[in-house]
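Data first, discussion second: the structure below is written as structure tokens.
Every value quoted in this text rests on a predicted model; they were computed, and no experiment measured them.
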Amino acid sequence: MSVTKMAWRNVWRNRRRTLVTVAAMTLALFVEIHHTSLIDGYMASMERNILDLELGDIQIMAQGYRDDPSIYERIEDPGALVAKLEKEGYAASSRLLGAGLAAGGDTSAGVSLRGVDPVKEATVSKVGRHVAVGKWLDPADPKGVVIGKKLARTLSARPGDEIVVLTQGADGSMANDLYRVRGILESIGDGVDRAGVYMLEPAFRELFVMPEGAHQIIVRKPAGADLVAATALARELAPGLDVESWREIMPTIASMLDSVKSIMGTIYVIIFAAVGIVILNAMLMAVFERVRELGVLKAIGVGPGGVLRLIVAESAIQTGLAVAAGCLMSIPSLWYLTTYGIDMGSLGGISIAGIAWDPVWRPVVSASTFVGPAIMLAVIVQLAVLYPALKAAAIRPVEAIHHQ
């Protein structure tokens, strides 16, 4: 009789113990599959919001602007640099940045003004798709602006309302103008939510009396390109300018995203170690219950290696059943979570290090979502069964036959 056939029969000799053992492994795998997919979804959402809504992959600024923002520190010919980047396969768009005071009704607030080209901006940012109320910027409405949600609440402003913006122009003059609120953004990040005002580039230049230059160029690398190599190439194309990747701009967030993976590995070990203890106990019981049988096997010529293979095969069968059951059970729940997500909106919006997180938490499902936990389970089970298997292989036939 083959080892596999004998192992299959042995597995079902004590159905209750087998079902409890398989159920424990299935539950652990089910939990880890969902944990993996949800954490991957969390990281993907965080990185997506960082890159798509705020930073881009790479930012280019005039030297010193990041440390001491000034309307006078500008990239002199942003159009030529954008053209060079686009020629290399990058998407790029320049932005104009300024500060001022906005008033609406009886209240006022400090604002961060951003002049953009809606067409170019759409190639590097998805902020235009995150308008909660109203509409995004339109060149047909030169005095239209889109503001952050908390700023709208502070100014009691809604689409169609007018706000006054007061600032200082690049020529030193006092600058002010009247603008109409076109839209209010969803939560983007603390900075944009509390003070962000997006306006058309021509309107910004007119307000600040700044006919040339730009303060920032947002760059998106080609899909699949290495960030370090892309940043190095951008530095070659922009000598004398400050070029940094998003990981250099926000090292805390980058480090946090990197550390999540190691934390996931630790949680794997903790959960599966508990399962390993269950497996160890179950297999030890199986060995002690069959001491005589194992002794007879060795007496008729089955060597220690054969007994070892038998015990390992029994655990492998149980692991296979658990993997199949855990994966099949996970499919409908993962489908539901990816379709509808977990609505975190009741928490009033989540912001981590100033970056807004999508209020609907959705998992990311891929082959690794299933493969990683399944491999970890198999490794832990095999390690757990090693001691009982070695103990069974070391049984002496004469002592085993007389075992009580």
Just by modelled atom types, is the [Y] backbone N or O under 3.5 Å from a matching donor or acceptor in the [X] side chain?
{"X": "Asp161", "Y": "Arg158", "result": "yes"}
{"X": "Ser125", "Y": "Glu121", "result": "no"}
{"X": "Gln59", "Y": "Leu55", "result": "yes"}
{"X": "Ser37", "Y": "His34", "result": "yes"}
{"X": "Thr107", "Y": "Thr154", "result": "yes"}
{"X": "Thr339", "Y": "Trp335", "result": "yes"}
{"X": "Asp193", "Y": "Ile188", "result": "yes"}

Exercise. Can you list every side chain to side chain donor-acceptor pair (under 3.5 Å) pair that touches residues 166-175, not counting sequence neighbours?
Worked result: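 Of all non-adjacent pairs touching residues 166-175, those that pass side chain to side chain donor-acceptor pair (under 3.5 Å) are Asp171-Ser173.
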
For this session: Sequence neighbours left out, what pairs pass side chain to side chain donor-acceptor pair (under 3.5 Å) with at least one residue falling in residues 369-384?
Result: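 For residues 369-384: Ser315-Gln382.
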
Exercise. Going through the distances and angles, do Glu314 and Arg9 end up as a salt bridge (Lys or Arg N to Asp or Glu O under 4.0 Å)?
Worked result: CA-CA 9 Å; Glu314 291 175 16; Arg9 289 185 175 182; over 6 Å; no

What's the shortest heavy-atom distance between [X] and [Y], and which atoms?
{"X": "Trp136", "Y": "Gly128", "value": "CD2-CA, 3.5 Å"}
{"X": "Leu200", "Y": "Pro118", "value": "CD2-CG, 3.4 Å"}
{"X": "Gly89", "Y": "Pro222", "value": "O-CG, 3.4 Å"}
{"X": "Leu155", "Y": "Ala109", "value": "CD2-N, 4.1 Å"}
{"X": "Arg95", "Y": "Val116", "value": "CG-CG1, 4.0 Å"}
{"X": "Ile217", "Y": "Ala92", "value": "CG2-CB, 4.1 Å"}

Not counting sequence neighbours, which residues clear ring-ring contact (aromatic ring centres under 6.0 Å, His included) with [X]? List them please.
{"X": "Tyr72", "result": "none"}
{"X": "His130", "result": "none"}
{"X": "Tyr179", "result": "none"}
{"X": "Trp8", "result": "Trp12"}

Nearest 0.5 Å, what's the [atom1]-[atom2] distance between [X] and [Y]?
{"X": "Ile60", "Y": "Ile218", "atom1": "CD1", "atom2": "CD1", "result": "9.0 Å"}
{"X": "Leu96", "Y": "Phe208", "atom1": "CG", "atom2": "CZ", "result": "9.0 Å"}
{"X": "Thr26", "Y": "Leu321", "atom1": "OG1", "atom2": "CG", "result": "8.0 Å"}
{"X": "Arg17", "Y": "Gln318", "atom1": "CZ", "atom2": "CD", "result": "8.5 Å"}
{"X": "Glu73", "Y": "His215", "atom1": "CD", "atom2": "NE2", "result": "9.0 Å"}
{"X": "Asp177", "Y": "Leu166", "atom1": "CG", "atom2": "CG", "result": "11.0 Å"}

For this session: Given salt bridge (Lys or Arg N to Asp or Glu O under 4.0 Å), test Glu162 with Lys143 step by step and report yes or no.
Result: CA-CA 10 Å; Glu162 292 182 332; Lys143 294 294 184 179; over 6 Å; no

Exercise. After noting the C-alpha distance and the side-chain angles of Leu185 and Val192, does the key distance pass the side-chain contact (heavy atoms from CB on, under 4.5 Å) rule?
Worked result: CA-CA 9 Å; Leu185 294 168; Val192 175; 3.8 Å; yes

Taking only residues two or more places apart in sequence or in another chain, which ones pass side chain to side chain donor-acceptor pair (under 3.5 Å) with [X]?
{"X": "Arg205", "answer": "Glu201"}
{"X": "Arg74", "answer": "none"}
{"X": "Arg182", "answer": "Asp141"}

Any side-chain heavy-atom pair of [X] and [Y] under 4.5 Å:
{"X": "Leu137", "Y": "Tyr198", "answer": "yes"}
{"X": "Leu241", "Y": "Leu81", "answer": "yes"}
{"X": "Val364", "Y": "Leu38", "answer": "no"}

For this session: Determine, stepwise, if the pair Asp52 / Arg220 fulfils salt bridge (Lys or Arg N to Asp or Glu O under 4.0 Å).
Result: CA-CA 9 Å; Asp52 291 352; Arg220 300 304 302 269; 3.0 Å; yes

For this session: For Ala313, check side-chain contact (heavy atoms from CB on, under 4.5 Å) against everything at least two apart and list the hits.
Result: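 Once residues adjacent in sequence are excluded, the partners of Ala313 under the side-chain contact (heavy atoms from CB on, under 4.5 Å) criterion are Val3, Ala7.
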
Problem set entry | Counterpart residues, side-chain contact (heavy atoms from CB on, under 4.5 Å), relative to Ile380 (two or more places apart) |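 Residues passing side-chain contact (heavy atoms from CB on, under 4.5 Å) with Ile380: Phe272, Met376.
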
For this session: Evaluate the side-chain contact (heavy atoms from CB on, under 4.5 Å) criterion for residues Val146 and Ile184: first the C-alpha distance (whole Å), next the side-chain angles of each, then the deciding distance (0.1 Å), finally the verdict.
Result: CA-CA 6 Å; Val146 176; Ile184 299 171; over 6 Å; no

Exercise. Can Lys221 and Glu88 be counted as an ion pair, charged N to O under 4.0 angstrom?
Worked result: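 Looking at Lys221 and Glu88, the cut-off is not met.
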
Problem set entry | CD/Glu248: more than 12 non-hydrogen atoms of other groups inside 6.0 Å |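 Counting other residues, nucleotides and ligands, CD of Glu248 exceeds 12 neighbours.
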
Exercise. Does Asp106 CG have over 12 foreign heavy atoms under 6.0 Å away?
Worked result: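 Open: at most 12 neighbouring heavy atoms sit under 6.0 Å from CG of Asp106.
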
For this session: Step by step, work out the side-chain contact (heavy atoms from CB on, under 4.5 Å) result for Val197 and Leu151.
Result: CA-CA 9 Å; Val197 176; Leu151 177 61; 3.6 Å; yes

For this session: Taking salt bridge (charged side-chain N to carboxylate O under 4.0 Å, His left out) as the test, write out the residues that go with Arg129, two or more places apart.
Result: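 Checked Arg129 against salt bridge (charged side-chain N to carboxylate O under 4.0 Å, His left out); zero matches.
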
Problem set entry | Steps toward side-chain contact (heavy atoms from CB on, under 4.5 Å) verdict (Met210, Ile71) | CA-CA 9 Å; Met210 197 183 76; Ile71 195 171; 4.1 Å; yes

